[in-house]
Peer 1: 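Handing you a structure now.
The structure presented is a predicted model; accordingly, all values stated were derived computationally and were not measured. Note on naming: letters A, B, ... go to the chains in the order of the sequence lines (proteins, then strands), and numbering restarts at 1 for each one.
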There are 2 protein chains.
Amino acid sequence: MDAIDEEIIRCVLRNARSTYAEIGEAAGLSAPAAKRRLDRLVATGAIRGFTALIDTQALGWRTEAFVEVYCKGNPSPAELQRDLEGIQEVVEACTVSGAADAMLHMLARDIPHLEQAIQRVREAPVIDRTESVIVLSRLLNRPRL
Amino acid sequence: MDAIDEEIIRCVLRNARSTYAEIGEAAGLSAPAAKRRLDRLVATGAIRGFTALIDTQALGWRTEAFVEVYCKGNPSPAELQRDLEGIQEVVEACTVSGAADAMLHMLARDIPHLEQAIQRVREAPVIDRTESVIVLSRLLNRPRL
DNA sequence: CGTGAAACAAAAGCTCT
DNA sequence: AGAGCTTTTGTTTCACG
(Lines give C-alpha, C1' and ligand atoms only; values in the text may rest on other atoms or scores of the structure.)
Protein backbone atom coordinates (compact mmCIF):
# COMPACT_ATOMS: atom_id res chain seq x y z
CA MET A 1 0.00 0.00 0.00
CA ASP A 2 2.12 2.88 -1.33
CA ALA A 3 1.57 6.21 -3.10
CA ILE A 4 0.89 4.45 -6.43
CA ASP A 5 -1.88 2.35 -4.87
CA GLU A 6 -3.40 5.52 -3.43
CA GLU A 7 -3.40 7.14 -6.88
CA ILE A 8 -5.14 4.05 -8.28
CA ILE A 9 -7.75 4.22 -5.51
CA ARG A 10 -8.32 7.93 -6.14
CA CYS A 11 -8.83 7.16 -9.82
CA VAL A 12 -11.42 4.39 -9.35
CA LEU A 13 -13.16 6.42 -6.64
CA ARG A 14 -13.65 9.16 -9.23
CA ASN A 15 -14.76 6.69 -11.89
CA ALA A 16 -15.00 2.96 -11.21
CA ARG A 17 -15.46 2.26 -14.93
CA SER A 18 -12.06 3.69 -15.90
CA THR A 19 -10.06 1.55 -18.33
CA TYR A 20 -6.75 0.11 -17.16
CA ALA A 21 -4.98 2.52 -19.52
CA GLU A 22 -6.66 5.47 -17.76
CA ILE A 23 -5.87 4.06 -14.31
CA GLY A 24 -2.29 3.51 -15.41
CA GLU A 25 -1.97 7.05 -16.71
CA ALA A 26 -3.26 8.44 -13.40
CA ALA A 27 -0.74 6.35 -11.48
CA GLY A 28 2.20 6.64 -13.89
CA LEU A 29 2.04 2.96 -14.90
CA SER A 30 1.41 0.86 -17.99
CA ALA A 31 -2.06 -0.70 -18.35
CA PRO A 32 -0.99 -4.28 -17.40
CA ALA A 33 0.83 -3.01 -14.30
CA ALA A 34 -2.25 -0.98 -13.35
CA LYS A 35 -4.43 -4.10 -13.70
CA ARG A 36 -2.10 -6.15 -11.52
CA ARG A 37 -2.15 -3.44 -8.84
CA LEU A 38 -5.92 -3.07 -8.98
CA ASP A 39 -6.43 -6.85 -8.82
CA ARG A 40 -4.16 -6.96 -5.78
CA LEU A 41 -6.07 -4.16 -4.05
CA VAL A 42 -9.31 -6.12 -4.58
CA ALA A 43 -7.71 -9.42 -3.48
CA THR A 44 -6.31 -7.94 -0.26
CA GLY A 45 -9.65 -6.31 0.53
CA ALA A 46 -8.48 -2.69 0.40
CA ILE A 47 -11.07 -2.26 -2.38
CA ARG A 48 -14.29 -4.00 -1.32
CA GLY A 49 -16.01 -3.62 -4.66
CA PHE A 50 -17.25 -1.26 -7.34
CA THR A 51 -20.68 0.32 -7.26
CA ALA A 52 -22.86 3.01 -8.80
CA LEU A 53 -23.99 6.21 -7.16
CA ILE A 54 -27.73 6.25 -7.65
CA ASP A 55 -29.86 9.35 -7.39
CA THR A 56 -32.37 7.83 -4.98
CA GLN A 57 -34.70 10.75 -5.70
CA ALA A 58 -34.87 9.62 -9.33
CA LEU A 59 -35.75 6.11 -8.14
CA GLY A 60 -38.48 7.47 -5.91
CA TRP A 61 -36.70 6.88 -2.56
CA ARG A 62 -37.02 10.40 -1.23
CA THR A 63 -37.19 9.99 2.57
CA GLU A 64 -34.11 9.60 4.76
CA ALA A 65 -33.68 9.44 8.51
CA PHE A 66 -31.03 8.97 11.17
CA VAL A 67 -32.29 6.67 13.92
CA GLU A 68 -30.73 6.30 17.36
CA VAL A 69 -31.29 2.81 18.76
CA TYR A 70 -31.46 1.94 22.46
CA CYS A 71 -31.16 -1.76 23.28
CA LYS A 72 -32.44 -4.05 25.97
CA GLY A 73 -29.58 -5.46 28.06
CA ASN A 74 -26.19 -5.69 26.36
CA PRO A 75 -26.57 -7.29 22.93
CA SER A 76 -23.33 -8.00 21.05
CA PRO A 77 -22.67 -6.07 17.84
CA ALA A 78 -23.13 -9.35 15.98
CA GLU A 79 -26.66 -9.83 17.38
CA LEU A 80 -27.62 -6.31 16.36
CA GLN A 81 -26.19 -6.86 12.90
CA ARG A 82 -28.18 -10.07 12.49
CA ASP A 83 -31.43 -8.34 13.41
CA LEU A 84 -30.83 -5.36 11.14
CA GLU A 85 -29.46 -6.87 7.96
CA GLY A 86 -32.88 -8.23 7.02
CA ILE A 87 -34.28 -4.71 6.90
CA GLN A 88 -33.44 -3.33 3.45
CA GLU A 89 -34.28 0.24 4.42
CA VAL A 90 -31.33 0.32 6.85
CA VAL A 91 -28.44 1.43 4.61
CA GLU A 92 -25.90 2.03 7.38
CA ALA A 93 -25.63 0.88 10.98
CA CYS A 94 -22.94 1.49 13.62
CA THR A 95 -22.59 1.00 17.33
CA VAL A 96 -21.76 4.35 18.92
CA SER A 97 -20.53 6.04 22.07
CA GLY A 98 -22.95 8.14 24.11
CA ALA A 99 -26.43 7.42 25.42
CA ALA A 100 -27.64 5.44 22.39
CA ASP A 101 -26.29 1.99 21.53
CA ALA A 102 -26.41 2.30 17.75
CA MET A 103 -27.03 4.79 14.98
CA LEU A 104 -28.90 3.81 11.82
CA HIS A 105 -29.11 5.59 8.51
CA MET A 106 -32.41 4.67 6.87
CA LEU A 107 -33.78 5.26 3.38
CA ALA A 108 -37.41 4.89 2.32
CA ARG A 109 -39.79 5.92 -0.43
CA ASP A 110 -41.87 8.23 1.75
CA ILE A 111 -42.88 8.89 5.34
CA PRO A 112 -45.37 5.98 5.61
CA HIS A 113 -42.75 3.60 4.20
CA LEU A 114 -40.15 4.96 6.66
CA GLU A 115 -42.55 4.62 9.56
CA GLN A 116 -43.26 1.03 8.61
CA ALA A 117 -39.53 0.27 8.33
CA ILE A 118 -38.78 1.84 11.73
CA GLN A 119 -41.61 -0.29 13.09
CA ARG A 120 -39.81 -3.39 11.80
CA VAL A 121 -36.60 -2.19 13.48
CA ARG A 122 -38.42 -1.80 16.79
CA GLU A 123 -39.78 -5.33 16.53
CA ALA A 124 -36.25 -6.78 16.76
CA PRO A 125 -35.93 -8.64 20.07
CA VAL A 126 -32.78 -6.79 21.20
CA ILE A 127 -34.20 -3.32 20.54
CA ASP A 128 -35.90 -1.34 23.28
CA ARG A 129 -36.72 2.01 21.71
CA THR A 130 -35.64 4.36 18.88
CA GLU A 131 -35.30 8.10 18.37
CA SER A 132 -35.55 9.35 14.79
CA VAL A 133 -34.38 12.48 13.06
CA ILE A 134 -35.78 13.10 9.57
CA VAL A 135 -33.46 14.40 6.85
CA LEU A 136 -34.78 17.63 5.33
CA SER A 137 -32.20 18.24 2.62
CA ARG A 138 -28.96 16.62 1.62
CA LEU A 139 -26.05 19.06 1.55
CA LEU A 140 -23.13 16.77 0.80
CA ASN A 141 -22.49 13.18 -0.18
CA ARG A 142 -18.88 12.39 -0.91
CA PRO A 143 -17.32 9.08 -1.83
CA ARG A 144 -15.12 8.13 1.16
CA LEU A 145 -11.78 9.81 0.59
CA MET B 1 -37.42 4.41 -16.02
CA ASP B 2 -38.92 0.92 -16.29
CA ALA B 3 -38.20 -2.57 -14.96
CA ILE B 4 -35.30 -3.02 -17.42
CA ASP B 5 -33.61 0.16 -16.17
CA GLU B 6 -34.02 -1.08 -12.61
CA GLU B 7 -32.35 -4.38 -13.52
CA ILE B 8 -29.46 -2.43 -15.07
CA ILE B 9 -29.14 -0.33 -11.90
CA ARG B 10 -29.17 -3.43 -9.71
CA CYS B 11 -26.41 -4.93 -11.86
CA VAL B 12 -24.06 -1.91 -11.72
CA LEU B 13 -24.77 -1.48 -8.00
CA ARG B 14 -23.50 -5.02 -7.51
CA ASN B 15 -20.50 -4.45 -9.78
CA ALA B 16 -19.86 -1.12 -11.48
CA ARG B 17 -17.15 -2.69 -13.64
CA SER B 18 -19.52 -5.16 -15.32
CA THR B 19 -19.15 -5.41 -19.09
CA TYR B 20 -22.07 -4.32 -21.28
CA ALA B 21 -22.58 -7.99 -22.19
CA GLU B 22 -23.02 -8.84 -18.48
CA ILE B 23 -25.34 -5.89 -17.91
CA GLY B 24 -27.31 -6.91 -20.98
CA GLU B 25 -27.61 -10.50 -19.79
CA ALA B 26 -28.92 -9.33 -16.39
CA ALA B 27 -31.51 -7.12 -18.10
CA GLY B 28 -32.38 -9.44 -21.00
CA LEU B 29 -30.78 -7.18 -23.61
CA SER B 30 -27.95 -7.24 -26.14
CA ALA B 31 -24.72 -5.46 -25.21
CA PRO B 32 -25.28 -2.38 -27.42
CA ALA B 33 -28.83 -1.95 -26.07
CA ALA B 34 -27.49 -2.22 -22.52
CA LYS B 35 -24.91 0.47 -23.27
CA ARG B 36 -27.58 2.80 -24.72
CA ARG B 37 -29.73 2.34 -21.59
CA LEU B 38 -26.81 2.84 -19.21
CA ASP B 39 -25.64 5.97 -21.07
CA ARG B 40 -29.18 7.33 -20.83
CA LEU B 41 -29.36 6.65 -17.08
CA VAL B 42 -26.10 8.57 -16.61
CA ALA B 43 -27.24 11.40 -18.93
CA THR B 44 -30.55 11.86 -17.12
CA GLY B 45 -28.79 11.83 -13.74
CA ALA B 46 -30.47 8.71 -12.36
CA ILE B 47 -26.92 7.31 -12.10
CA ARG B 48 -24.66 9.99 -10.65
CA GLY B 49 -21.43 8.09 -11.24
CA PHE B 50 -19.44 4.95 -10.56
CA THR B 51 -17.19 4.56 -7.56
CA ALA B 52 -15.20 2.05 -5.54
CA LEU B 53 -16.01 0.82 -2.05
CA ILE B 54 -12.82 1.35 -0.11
CA ASP B 55 -12.02 -0.38 3.13
CA THR B 56 -11.16 2.83 4.98
CA GLN B 57 -9.55 0.72 7.70
CA ALA B 58 -7.03 -0.54 5.13
CA LEU B 59 -6.26 3.05 4.16
CA GLY B 60 -5.75 3.99 7.77
CA TRP B 61 -8.94 6.06 8.18
CA ARG B 62 -10.25 4.24 11.20
CA THR B 63 -12.23 6.88 13.11
CA GLU B 64 -15.81 7.81 12.28
CA ALA B 65 -18.30 10.09 13.98
CA PHE B 66 -21.80 11.46 13.64
CA VAL B 67 -21.88 15.15 14.49
CA GLU B 68 -25.00 17.17 15.26
CA VAL B 69 -24.59 20.82 14.26
CA TYR B 70 -26.38 23.75 15.87
CA CYS B 71 -26.27 27.02 13.91
CA LYS B 72 -26.30 30.68 14.76
CA GLY B 73 -29.44 32.37 13.39
CA ASN B 74 -31.07 30.75 10.35
CA PRO B 75 -28.43 30.00 7.72
CA SER B 76 -29.73 28.69 4.39
CA PRO B 77 -28.84 25.11 3.42
CA ALA B 78 -26.65 26.61 0.66
CA GLU B 79 -24.58 28.61 3.19
CA LEU B 80 -24.03 25.51 5.31
CA GLN B 81 -23.04 23.52 2.25
CA ARG B 82 -20.52 26.19 1.22
CA ASP B 83 -18.88 26.15 4.66
CA LEU B 84 -18.72 22.34 4.86
CA GLU B 85 -17.62 21.29 1.41
CA GLY B 86 -14.09 22.52 2.04
CA ILE B 87 -13.72 20.07 4.91
CA GLN B 88 -12.70 16.74 3.36
CA GLU B 89 -13.39 14.79 6.55
CA VAL B 90 -17.13 15.53 6.22
CA VAL B 91 -18.36 12.69 3.99
CA GLU B 92 -22.08 13.32 4.41
CA ALA B 93 -24.11 16.32 5.54
CA CYS B 94 -27.88 16.83 5.81
CA THR B 95 -30.19 19.38 7.34
CA VAL B 96 -32.51 17.60 9.77
CA SER B 97 -35.67 17.92 11.81
CA GLY B 98 -35.42 18.09 15.61
CA ALA B 99 -33.28 20.22 17.90
CA ALA B 100 -30.13 20.16 15.72
CA ASP B 101 -29.92 21.99 12.39
CA ALA B 102 -27.72 19.50 10.58
CA MET B 103 -26.20 16.06 10.90
CA LEU B 104 -22.70 15.32 9.64
CA HIS B 105 -21.02 12.01 9.03
CA MET B 106 -17.27 12.46 9.47
CA LEU B 107 -14.31 10.20 8.71
CA ALA B 108 -10.77 10.67 10.01
CA ARG B 109 -7.54 8.76 10.51
CA ASP B 110 -7.68 8.78 14.30
CA ILE B 111 -9.11 10.66 17.24
CA PRO B 112 -6.67 13.62 17.08
CA HIS B 113 -7.38 14.00 13.35
CA LEU B 114 -11.13 13.85 14.02
CA GLU B 115 -10.85 16.41 16.78
CA GLN B 116 -8.94 18.74 14.51
CA ALA B 117 -11.53 18.31 11.72
CA ILE B 118 -14.43 18.99 14.13
CA GLN B 119 -12.52 22.09 15.21
CA ARG B 120 -12.49 23.27 11.60
CA VAL B 121 -16.26 22.64 11.39
CA ARG B 122 -16.81 24.76 14.50
CA GLU B 123 -14.80 27.61 13.00
CA ALA B 124 -17.37 28.05 10.20
CA PRO B 125 -19.13 31.41 10.74
CA VAL B 126 -22.67 29.97 10.65
CA ILE B 127 -21.95 27.22 13.20
CA ASP B 128 -22.64 27.75 16.88
CA ARG B 129 -21.83 24.42 18.51
CA THR B 130 -21.59 20.68 17.77
CA GLU B 131 -22.40 17.43 19.53
CA SER B 132 -20.43 14.37 18.48
CA VAL B 133 -21.05 10.66 18.73
CA ILE B 134 -18.08 8.39 17.98
CA VAL B 135 -18.62 5.24 15.94
CA LEU B 136 -17.43 2.15 17.81
CA SER B 137 -18.03 -0.53 15.19
CA ARG B 138 -19.63 -0.63 11.78
CA LEU B 139 -22.43 -3.20 11.56
CA LEU B 140 -23.79 -2.55 8.08
CA ASN B 141 -22.92 -0.54 4.99
CA ARG B 142 -25.15 -1.21 2.04
CA PRO B 143 -25.09 0.42 -1.37
CA ARG B 144 -28.32 2.42 -1.61
CA LEU B 145 -31.01 0.07 -2.89
C1' DC C 1 -33.82 -3.11 -30.29
C1' DG C 2 -30.67 -6.51 -32.65
C1' DT C 3 -26.75 -7.62 -35.94
C1' DG C 4 -22.20 -7.52 -37.74
C1' DA C 5 -17.64 -5.24 -38.64
C1' DA C 6 -14.02 -2.21 -37.22
C1' DA C 7 -11.62 0.00 -33.39
C1' DC C 8 -10.26 -0.65 -29.00
C1' DA C 9 -9.22 -2.59 -24.49
C1' DA C 10 -8.24 -6.75 -21.56
C1' DA C 11 -5.86 -11.02 -20.47
C1' DA C 12 -1.99 -14.03 -20.56
C1' DG C 13 2.36 -14.96 -22.01
C1' DC C 14 7.30 -13.80 -21.72
C1' DT C 15 11.46 -10.88 -20.71
C1' DC C 16 13.99 -7.63 -18.06
C1' DT C 17 15.43 -5.36 -13.79
C1' DA D 1 8.37 -9.20 -6.61
C1' DG D 2 7.17 -5.98 -9.82
C1' DA D 3 7.23 -3.29 -14.36
C1' DG D 4 7.08 -3.21 -19.44
C1' DC D 5 6.15 -5.34 -24.00
C1' DT D 6 3.56 -8.11 -27.35
C1' DT D 7 0.01 -11.29 -29.01
C1' DT D 8 -4.37 -13.33 -28.61
C1' DT D 9 -8.85 -12.92 -26.99
C1' DG D 10 -12.79 -10.38 -25.88
C1' DT D 11 -15.33 -5.84 -25.50
C1' DT D 12 -16.97 -1.49 -27.12
C1' DT D 13 -18.77 1.30 -30.57
C1' DC D 14 -20.44 2.30 -34.84
C1' DA D 15 -23.52 2.05 -39.01
C1' DC D 16 -27.42 -0.23 -40.70
C1' DG D 17 -31.71 -3.11 -40.92
Peer 1: Are B:Tyr20 and D:dG10 close enough that a side-chain N or O sits under 4.0 Å from OP1 or OP2?
Peer 2: no
Peer 1: Side chain of B:Ala33 only, heavy atoms from C-beta on: which candidate in D:dG4, C:dC1, D:dT12 is closest?
Peer 2: C:dC1
Peer 1: Hey, mind stepping through B:Arg37 and B:Asp5 against side-chain contact (heavy atoms from CB on, under 4.5 Å) and telling me if it holds?
Peer 2: CA-CA 7 Å; B:Arg37 289 264 191 166; B:Asp5 285 333; 3.1 Å; yes
Peer 1: Once you round it to whole Å, what is the distance between P of D:dG2 and CG of A:Asp39?
Peer 2: 13 Å
Peer 1: Could you state the atom-to-atom distance from CG of A:Leu41 to C1' of D:dG2 in whole Å?
Peer 2: 14 Å
Peer 1: Between C:dC1, C:dA9, C:dA12, spot the one nearest the side chain of A:Pro32, thanks.
Peer 2: C:dA12
Peer 1: Taking the side chain of A:Ser30 as its heavy atoms from C-beta onward, which of D:dT12, D:dA3, D:dG4 lies nearest to it?
Peer 2: D:dG4
Peer 1: What is the distance, rounded to the nearest whole Å, between atom NZ of B:Lys35 and atom C1' of D:dA15?
Peer 2: 15 Å
Peer 1: Are more than 12 heavy atoms from other residues, nucleotides or ligands located less than 6.0 Å from atom CD of A:Glu85?
Peer 2: yes
Peer 1: Are B:Trp61 and B:Val135 connected into the same hydrophobic cluster when the rule is that any two of I, L, V, M, F, W, Y join if their side-chain heavy atoms are below 4.5 Å apart?
Peer 2: no
Peer 1: Reckon A:Arg36 has a side-chain N or O less than 4.0 Å from the OP1 or OP2 of C:dA11?
Peer 2: no
Peer 1: To the nearest Å, give me how far apart CZ (B:Arg37) and C1' (D:dT13) are.
Peer 2: 19 Å
Peer 1: Nearest-nucleotide wise, let me know which of A:Ala34 and B:Glu22 is further upstream toward the 5' end of DNA chain D.
Peer 2: A:Ala34
Peer 1: Side chain of A:Arg40, base of D:dG2: donor and acceptor closer than 3.5 Å?
Peer 2: no
Peer 1: Separation of B:Arg17 atom CZ from D:dT11 atom P, in whole Å?
Peer 2: 14 Å
Peer 1: Hey, could you give me the CG/OG distance between B:Leu139 and B:Ser137, rounded to the nearest 0.5 Å?
Peer 2: 4.5 Å
